[in-house]
Amino acid sequence: MPKTVMIVEDNELNMKLFNDLLESRGYSIVQTRNGLEALDLARGTPSDLILMDIQLPEVSASWSPSGLRTTRNCTPSGDTVTAFAMKGDEERILSGGCEGYISKPISVPHFLENH
């Protein structure tokens, strides 16, 4: 049975890139562009990995990037990896509940090597 990856990404091109890369490696994909829907999906769909964009407009909070807030509310059965383009935020993101960190734009060879 293939491992399942949930992709939470509001950028259509990034979503397609992640989807295509992971599907080509044999993963089953669940995807959403909406942080609120991600909460429901995470509760109802067991996944081995959640690839979370932490800048999602519909779940914003003044104290935290919206995707990080969503990550805190998701309880995945596997790891959560986030992608964020700002330097210096890796420690904050990891301490916010993510198990890994990938900066955007991603390095496709590095991403495939690690996934």
Side-chain angles (χ1 to χ4, degrees):
M1 178 175 234
K3 291 188 175 188
T4 300
V5 177
M6 180 190 306
I7 305 170
V8 185
E9 172 63 65
D10 63 345
N11 179 287
E12 187 173 334
L13 293 174
N14 287 339
M15 176 66 83
K16 180 165 177 32
L17 175 63
F18 288 128
N19 184 78
D20 291 351
L21 290 172
L22 292 166
E23 275 190 343
S24 74
R25 304 291 265 197
Y27 291 95
S28 174
I29 306 298
V30 175
Q31 57 179 261
T32 181
R33 289 173 174 78
N34 181 298
L36 296 174
E37 184 176 87
L39 293 172
D40 290 335
L41 286 171
R43 291 182 189 115
T45 306
S47 56
D48 298 289
L49 174 75
I50 298 175
L51 188 60
M52 174 74 71
D53 179 351
I54 67 162
Q55 294 180 314
L56 301 168
E58 67 282 338
V59 288
S60 63
S62 61
W63 52 269
S64 174
S66 56
L68 193 53
R69 182 174 180 200
T70 302
T71 300
R72 286 187 182 121
N73 291 306
C74 290
T75 53
S77 58
D79 295 332
T80 303
V81 178
T82 189
F84 195 55
M86 303 291 289
K87 291 193 179 228
D89 286 328
E90 182 174 3
E91 183 177 298
R92 182 178 58 86
I93 290 166
L94 293 174
S95 69
C98 295
E99 298 291 325
Y101 172 86
I102 303 168
S103 63
K104 291 180 189 173
I106 68 165
S107 163
V108 172
H110 184 281
F111 182 81
L112 290 176
E113 180 181 300
N114 292 299
H115 296 92

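- Annotation: side chain to side chain donor-acceptor pair (under 3.5 Å) contacts of Thr4 (sequence neighbours excluded): none.
- Heavy atoms only, all atoms of each residue included: Gly26 and Pro2 are closest at O-CB, 3.2 Å.
- Hydrophobic clustering places Val108 together with Leu51 (ILVMFWY residues linked when any side-chain heavy atoms are closer than 4.5 Å, directly or through intermediates).
- Proximity of Ile106 to Leu21: side-chain heavy atoms (C-beta onward) are separated by under 4.5 Å at one or more points.
- Residues passing the side chain to side chain contact (heavy atoms under 4.5 Å, CB included) test with Asp20 are Lys16, sequence neighbours excluded.
- Among residues two or more places apart in sequence or in another chain, the side chain to side chain contact (heavy atoms under 4.5 Å, CB included) test is passed with Ile29 by Val5, Ile7, Asn19, Leu22, Glu23, Tyr27, Gln31.
- Separation of atoms CE (Met6) and CD (Glu37) is listed at 9.0 Å; rounding is to 0.5 Å.
- Distance check: Leu17 CG to Met15 CE gives 11.5 Å after rounding to the nearest 0.5 Å.
- A distance of 11.5 Å separates CG of Asp53 from OG1 of Thr32, quoted to the nearest 0.5 Å.
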